[in-house]
Each structure stands twice: as C-alpha cells, then as structure tokens.
There are 2 protein chains.
Amino acid sequence: MANIRDVAKKAGVSVATVSRVLNRASNVSPKTADAVLAAMQELHFTPNGLARGLALNRTRTIALLIPNIVNPLYPEMAKGVEDVAHQKGYNVLLCNTEEDIAKERDYLTMLIERRVDGLILMSTLLTNDNLLQIREYNIPFVLTGRYRQDLEADIVYTDYAYGSYLAVHHLLEVGYQRIAHISGSAIQWESQEKLSGFKKALREAQLTVEAKYIVEGDNEIEGGYLGTMRLLHLSEKPQAIFAANDLMAIGAIDAVKAQGLRVPSDVAVAGFDDIRMSALVEPKLTTVSHPVHKMGLIAARLLFDHIDGGAGEDATQKILLQPKLMVRKSCGHENRLREIFN
Amino acid sequence: MANIRDVAKKAGVSVATVSRVLNRASNVSPKTADAVLAAMQELHFTPNGLARGLALNRTRTIALLIPNIVNPLYPEMAKGVEDVAHQKGYNVLLCNTEEDIAKERDYLTMLIERRVDGLILMSTLLTNDNLLQIREYNIPFVLTGRYRQDLEADIVYTDYAYGSYLAVHHLLEVGYQRIAHISGSAIQWESQEKLSGFKKALREAQLTVEAKYIVEGDNEIEGGYLGTMRLLHLSEKPQAIFAANDLMAIGAIDAVKAQGLRVPSDVAVAGFDDIRMSALVEPKLTTVSHPVHKMGLIAARLLFDHIDGGAGEDATQKILLQPKLMVRKSCGHENRLREIFN
DNA sequence: TTGAAAGCGCTAACAG
DNA sequence: CTGTTAGCGCTTTCAA
C-alpha cells in the first residue's frame with residue numbers, strides 16, 4: 001500500500017509537503033498541492049490512520065458502549081450520538097456489551113488500546129472504581145442511564161423511578177389493586193429505580209408490596225413472557241402487570257394471550273420506553289416515554305465539550321430528562337371510565 | 001499514559017524484553033517476566049494499539065457494515081459475526097450506513113485508514129468497481145445479501161426471489177387474486193430480486209402484473225404504512241399485500257387497521273425476514289424465514305479463512321441459503337381452508 | 001535469555 | 001513556500 005514517501009517521490013516533493021496537503025495546511029502553493037493530489041490519486045494513496053494517530057496522539061474516534069443492540073432503544077440513542085459525532089468529523093465505534101460486565105471490560109481495554117478520544121457508556125454495569133480508572137488514561141467519558149451522585153462525571157439520565165411511579169399510579173387510578181412488576185436485570189441500576197417507583201406508588205395507595213408479584217426479567221421479550229407465565233399461575237392472579245421495559249411488556253401481552261386471556265380486560269399491561277413497536281402491538285401499549293434520541297445527542301455534546309477542552313474540568317453536569325406517560329389501550333383506561341360514568 | 005519505555009525502566013530491562021512479555025514470547029525467564037508484569041501493573045500500562053498496529057501491519061480488527069441498525073435483522077447477523085470474531089481474538093467495528101451509499105463510502109475509507117484486517121459488507125450498495133478498489137489495499141472482504149455472479153468475491157446470500165415466490169404462491173393458493181407488493185428501496189438489489197419472485201408467481205398463475213399494485217417502500221415500518229395507505233385508496237383495493245420485509249408488513253397491518261379494515265379478512269398481509277416481532281403482532285404475520293444469525297457466522301468464517309491465509313485465492317465461495325415459508329395468521333390460511341371444506 | 005537499534009508511516013518543529 | 005529530521009510507541013532482527 002502506497003505511503004506518504006511514495007507520494008512525495010512521485011510528486012517530486014518532500015514528505016512534509018505531502019503531509020501538509022493531507023492536512024489542508026494553507027502554506028502550500030496551489031501548484032505543488034495539485035501535483036501532490038495527482039500523485040495521491042495515481043497511487044491510490046490512503047493515509048495510514050495508525051501512524052497518524054500515533055504522531056498526533058488523537059484518533060478522531062469516539063466509542064459508544066451499549067448494553068443490548070437488539071433493544072431498539074439503544075440504536076436510537078446511538079443515532080443521536082452519531083449525528084453529532086459525524087458533524088464534528090469524528091467516527092464512532094459501536095460496541096455491544098450484551099449486559100455482560102466482562103464483555104464491557106474487554107471492550108474498554110480494547111478501546112483504550114485503540115486510543116479513542118472519548119467514550120459514551122450507556123447503562124454501564126461498571127463500578128465507580130472501574131470508571132475512575134479510565135480517568136488515569138485521560139480519556140473523557142459521559143454516562144447515560146444511571147445517576148451517580150458520588151461520581152465526578154457527566155451523566156445524562158431519566159428519572160426512572162418517577163416514570164415507573166407514573167405508570168403504576170395510572171394503573172391504580174384506573175382501578176387495579178393487584179399489580180405485579182416484571183423487573184429488569186437485577187444488576188442494572190435502572191431496574192432498582194423502576195422497582196422503587198413501583199413500590200412508592202403502591203405504598204401511596206396504602207397497598208402492600210407483595211413479593212410474589214415481583215418477578216425478575218431479562219429486559220427481553222422472552223423474559224416478559226416467562227415472567228408473565230409465572231404470574232398467571234399464581235393462585236391469585238394479578239390484575240395488571242407493569243413491565244420494566246416495552247420489550248418485556250410485549251412479551252407479557254403475548255403470554256396473556258397464550259393463556260387464552262385478554263388484555264386489558266383480564267390482565268392489564270404497561271411498559272416503559274415507548275419504543276416504536278409499542279404502538280403497533282394489539283392492544284397498543286400504555287407506556288412511559290423518554291427522549292432517547294435526545295439523550296444520545298446531549299451525551300455526545302457533553303463529551304465533545306470535554307474533547308474540545310471547552311468544559312471546565314470541575315463542573316460536571318448531570319442532566320435529568322423527564323419521562324412522560326403515554327396512555328394507550330393496554331390498561332383499559334377507556335373501559336373503566338365508561339364504567340365510572342355509567 | 002505510561003509506555004513501554006517507562007515499563008522497561010521500572011523493571012530494569014530493555015524495551016525488547018517488555019515487548020516479549022507483552023507478546024507472550026517463550027524466551028523470557030520467568031523471573032524477568034514477573035518483574036515486567038509487576039511494573040506494568042504499577043504503571044497501569046496499556047499498550048498502544050496504534051503503535052502496535054503500525055509495527056505489525058495487523059490490527060486484529062474486522063469491520064462490519066450494516067445498512068440499518070434499526071432493522072432487527074442486522075443486529076442478529078452482527079451477533080453471528082461477533083461470535084466467531086471474539087472467539088478468534090478479533091474485535092469488530094460496527095458501522096451503520098443507513099442505506100446511504102455516501103455514508104458507506106465514508107466508512108470504507110475510514111476503515112481502510114484504520115487498516116482493519118477484513119470487512120464484511122451486508123447488503124452493500126457499492127458497485128463491483130467500488131468493491132474491486134478495496135482489493136488494491138489487500139483487505140479481504142465478504143459480502144452478504146447480494147449475489148454477484150460477475151464478482152470474484154465470497155458471498156453469503158439468500159434466494160430472495162424464491163422466498164418471495166413462496167410467499168406470493170401461498171397467497172394465490174389461499175385464493176387471493178389481486179395481490180399487491182410493497183417493495184424495498186429500489187437501490188437495493190434484494191428489492192429487485194423480491195420483485196421478480198413476486199412477478200414470477202403471478203405470471204405462473206396467469207395473472208397480469210399491474211403497475212398500480214406495486215409501490216415502493218423504504219424498508220421501514222413507515223414505508224409499509226404509507227404504501228398500504230396508497231394501495232387502500234385505489235378504486236379496486238388489493239385483497240392481499242406482500243411486503244418486501246417484516247418491518248413494512250407490520251406497518252401495513254397497522255395501516256389496514258387504521259382504515260377500519262381487518263387482517264386478513266379484508267386484506268391479507270405477508271412479509272419477509274421472520275423477525276422476532278412478526279410472531280407478536282396481531283394477527284401473527286405469515287412471512288418468509290431465512291437463517292440470519294447463521295449468515296453472520298458463515299460470513300465471518302469465510303472472512304477468517306482469508307485473513308488466516310488458508311483460503312485458496314482463486315476459489316471464491318458463493319454460499320446460498322434457502323428461505324422457508326412461515327404460515328401464520330395474517331393471510332387467512334385457515335379461514336380459506338374452512339371455506340373450501342364446507 | 002537479553003539488549004541495541006532500525007523501522008512501521010505520519011506530523012511538526014526548525015531551518016532555509 | 002518547502003525540505004530535513006526527530007520523534008510517536010511498538011516489534012523484530014541481529015549480536016552478544
């Protein structure tokens with residue numbers, strides 16, 4: 001593969017000059033520049049990014065770690081990140097950690113070895129200590145998903161507890177009493193938050209939180225299906241199920257149907273995320289919406305504030321985005337209203 | 001960030017020795033090795049992958065270009081690729097081209113600059129000429145999705161035309177006559193294939209292919225929705241719609257419902273891909289299944305055959321995988337059978 | 001078993 | 001405006 005020296009030779013100039021046109025430096029005469037460009041074309045010269053990164057100590061690359069590429073949530077966030085990265089002339093490396101902390105660590109060392117200029121960690125499973133280690137390499141990073149009071153780092157997050165509270169509160173308002181929860185992976189902090197919002201709503205309604213009505217899912221459709229099956233085999237079935245994400249809620253609806261029951265008349269179902277699919281299942285899913293694409297945008301902007309050196313090192317930002325309840329059909333809102341007014 | 005020289009100094013050895021333990025060379029005394037390892041730990045040494053890649057002319061990285069991360073098909077293929085890459089100790093860079101040929105080219109040059117060791121291009125929009133240029137850089141690549149008789153390259157593909165034929169044939173068998181098609185993006189080769197399978201089935205049934213019954217979609221839910229709306233506003237509505245992928249089929253079902261009509265009794269719908277969601281919409285989607293994860297696996301294996309130098313350069317492989325019809329509810333199979341036997 | 005040193009391809013002073 | 005040259009951090013002969 002042709003290198004800068006080959007180009008220099010062919011164009012009859014020095015490597016420095018070639019390097020200058022490569023970097024669009026102003027101090028090159030148009031004539032020589034043309035000659036160099038021509039030589040590059042002829043030789044199919046493609047600069048070696050490794051060598052360049054080595055010399056510059058900068059790779060114009062950021063990395064994005066997402067827990068699960070199959071959950072539509074993350075690709076959408078990723079798009080937000082890519083939008084701003086591309087605009088800034090950066091490439092983004094997408095890494096799918098599959099909610100596996102070991103995989104996450106592996107990717108992290110790989111990315112440090114690659115000397116990426118920055119990192120965005122979505123719903124990371126890493127501990128604060130792990131995160132602080134990244135600091136030693138002077139690689140700026142931004143977190144999304146999990147609020148960490150104690151960590152000096154930029155974070156973009158949603159108020160998961162409040163979102164869950166909204167959903168469960170709605171369920172209560174419609175009139176359900178026996179409400180179950182299919183939680184997300186226990187290792188994820190978000191899952192705890194959602195659980196706490198669930199409990200808070202119940203307690204406010206003077207209802208006791210029953211352990212049998214809380215089952216753990218895996219954040220995937222299957223987990224929702226399985227969890228629901230367990231709940232439906234309880235001697236006293238729940239009247240409503242709040243799943244920690246839409247994927248599981250969709251699995252829940254499927255399970256309810258598979259049991260020959262109906263949503264919402266037999267069992268109501270609510271979710272969290274408002275993925276595109278949630279408005280396409282039957283019945284349309286009542287869920288909690290949060291600005292996912294925007295989270296990606298904001299996270300990326302925060303990151304570039306650091307990369308570009310604009311951000312004051314001490315002022316870390318923790319940006320909270322508010323969730324919103326999307327009332328659709330899966331919780332039987334209308335049916336109940338009708339009952340009430342009759 | 002500590003470098004190899006720092007480690008050498010701290011351990012009281014030469015950089016060559018450090019490099020040796022870094023590469024697990026056998027000719028280092030256990031004693032010195034331990035000392036070096038200790039020094040590495042203390043200094044939080046992380047080898048510079050750029051420098052290493054520069055010296056070795058090898059990055060242990062392959063790249064995967066996918067057209068649309070939001071279509072669940074591709075993440076699943078990606079998983080197949082990652083499975084074998086990780087096992088071989090390679091990292092994979094995921095690039096989302098959004099069915100944009102310009103973006104694809106950008107990624108490609110970026111990846112060449114990064115000196116990746118290999119490429120997997122999924123349903124690429126690049127021309128054969130474009131592809132041949134990659135050859136000049138001696139970067140092995142494998143294609144999926146599109147069969148190219150004329151290109152000397154490894155390809156893993158599905159018989160899209162046959163799959164479509166199967167779906168439409170089924171529709172005909174159930175008894176529909178006015179069958180419409182929502183095609184994929186016209187720039188994609190797969191779309192042409194699927195269209196041809198559609199036409200073939202109709203012709204075989206002595207039906208004329210009517211232009212008004214063929215609308216172009218965008219491979220996304222929205223495209224299916226919009227296309228269906230147009231079809232439903234025709235003076236003579238189609239009895240069945242075959243969408244070029246499940247995402248559009250799901251959009252089609254949504255549109256039919258939005259018009260106050262029912263699937264399949266008013267309009268039948270069939271799709272292609274058999275994504276997880278297709279079994280969860282109401283009614284469950286009749287669709288064409290193909291082994292997506294397997295495609296990823298096979299593509300990766302073919303690529304590594306080249307990277308590891310095992311593959312004979314002349315014997316390019318074109319691996320064809322067969323699609324399969326999944327009959328579910330959205331085409332009214334059962335209803336028709338009942339009619340027939342009454 | 002170890003070390004010295006050249007070289008991978010590029011950038012960026014510095015000198016002209 | 002252009003060229004010379006010393007690195008960037010690592011690997012790898014070649015000698016010892």
Side-chain angles (χ1 to χ4, degrees), chain A residues 1-37 39-40 43-61 109-117 137-139, chain B residues 1-37 39-40 43-61 109-117 137-139:
Chain A
M1 215 184 294
N3 65 25
I4 201 175
R5 214 158 9 241
D6 300 328
V7 176
K9 199 173 293 172
K10 173 143 240 152
V13 298
S14 74
V15 292
T17 303
V18 177
S19 174
R20 285 190 189 103
V21 340
L22 215 48
N23 297 289
R24 289 164 186 66
S26 53
N27 49 353
V28 181
S29 84
K31 235 187 186 153
T32 21
D34 283 349
V36 171
L37 256 8
M40 286 181 174
L43 297 172
H44 296 290
F45 171 72
T46 308
N48 186 321
L50 302 173
R52 189 184 269 200
L54 186 58
L56 286 176
N57 200 27
R58 192 164 48 70
T59 53
R60 288 206 155 267
T61 303
T109 60
M110 182 277 264
L111 293 167
I112 294 173
E113 290 182 1
R114 280 225 151 49
R115 301 300 193 256
V116 294
D117 294 337
Y137 299 107
N138 282 314
I139 300 178
Chain B
M1 216 184 293
N3 66 25
I4 202 175
R5 212 155 13 238
D6 301 326
V7 176
K9 198 173 295 171
K10 172 143 240 150
V13 299
S14 73
V15 294
T17 303
V18 177
S19 174
R20 286 190 187 103
V21 340
L22 215 47
N23 296 290
R24 290 166 185 66
S26 53
N27 50 352
V28 180
S29 82
K31 236 188 185 152
T32 21
D34 283 350
V36 171
L37 257 8
M40 285 181 173
L43 297 173
H44 295 290
F45 171 71
T46 310
N48 187 321
L50 302 173
R52 190 182 265 198
L54 186 57
L56 286 174
N57 200 27
R58 191 163 48 72
T59 53
R60 287 205 157 269
T61 304
T109 62
M110 181 280 264
L111 293 166
I112 294 173
E113 290 182 0
R114 279 227 153 46
R115 302 300 193 257
V116 294
D117 294 337
Y137 299 106
N138 282 313
I139 300 178

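Each chain gets a letter, A, B and so on, in the order its sequence line appears, and its residues count up from 1.
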Discussion item. Restricting to non-hydrogen atoms, name the atom on B/Thr32 and the atom on B/Val13 that form the minimum distance, rounded to 0.1 Å.
Written reply: CG2-CG1, 4.0 Å

Response to the item:
Between CZ of B/Arg60 and P of D/dT11 the distance, given in whole Å, is 13 Å

Discussion item. In whole Å, I'd like the distance from the CG atom of A/Asn48 to the P atom of D/dG9.
Written reply: 16 Å

Worksheet entry | Touch class at under 4.0 angstrom, heavy-atom based, for B/Ser19 against every strand present | base

Item to complete: Would you mind telling me which of C/dC10, C/dT1, D/dT4 lies closest to the side-chain atoms of A/Ser14?
Response: D/dT4

Worksheet item: Are OP1 or OP2 of D/dG9 and a side-chain N or O of B/Asn3 less than 4.0 angstrom apart?
Response: yes

Worksheet item: C/dC8 C1' sits how many Å from B/Leu54 CG, rounded?
Response: 4 Å

Worksheet item: Any idea which heavy atoms bring B/Leu50 and A/Gly53 closest together, and the distance?
Response: CD1-C, 3.7 Å

Practice prompt. To the nearest Å, give me how far apart CZ (B/Arg24) and C1' (C/dT1) are.
Written response: 19 Å

Worksheet, complete the sentence: In terms of heavy-atom contacts, A/Asn3 and A/Phe45 come closest through C-CE1, 3.6 Å

Worksheet item: What is the distance from CG of B/Asn57 to C1' of D/dT13, rounded to the nearest Å?
Response: 17 Å

Worksheet item: Is there side-chain contact between A/Met1 and B/Asn138, with at least one heavy-atom pair below 4.5 Å?
Response: no

Worksheet item: Whole-Å distance between C/dT1 P and B/Asp34 CG?
Response: 14 Å

Discussion item. Using the side-chain heavy atoms of B/Ala55, tell me which of these nucleotides is nearest: D/dT11, D/dT2, C/dT11.
Written reply: D/dT11

Practice prompt. Mind checking B/Asn23 for me? I need base, sugar-phosphate or nothing, with any heavy atom below 4.0 Å counting as a touch.
Written response: sugar-phosphate

Item to complete: Could you say whether A/Leu56 or A/Met1 is positioned toward the 5' end of DNA chain C, judged by the nucleotide with the nearest heavy atom to each?
Response: A/Met1

Item to complete: Provide, to the nearest angstrom, the distance between the CG atom belonging to A/Asn27 and the P atom belonging to D/dC1.
Response: 7 Å

Worksheet item: Taking atom types as they are modelled, is there a donor-acceptor pair under 3.5 Å from the base of D/dG3 to the side chain of A/Arg20?
Response: yes

Worksheet, complete the sentence: Closest non-hydrogen contact found for A/Ala35 with A/Ala11 is O-CB, 4.0 Å

Worksheet item: Counting side-chain heavy atoms from C-beta on, which of D/dG9, D/dG3, C/dT11 comes nearest to A/Thr17?
Response: D/dG3

Item to complete: Considering just the side-chain nitrogens and oxygens of A/Thr32, establish if one lies under 4.0 Å of OP1 or OP2 belonging to D/dC1.
Response: no

Worksheet entry | Euclidean distance, atom CZ of residue B/Arg58 to atom C1' of D/dG9 [Å, nearest integer] | 17 Å

Worksheet item: Which nucleotide in the set D/dG9, D/dT2, D/dT12 lies at the smallest distance from any side-chain heavy atom of A/Ser29?
Response: D/dT2

Discussion item. Under 4.0 Å, heavy atoms only, any strand: does A/Val13 hit a base, just the sugar-phosphate, or nothing?
Written reply: sugar-phosphate

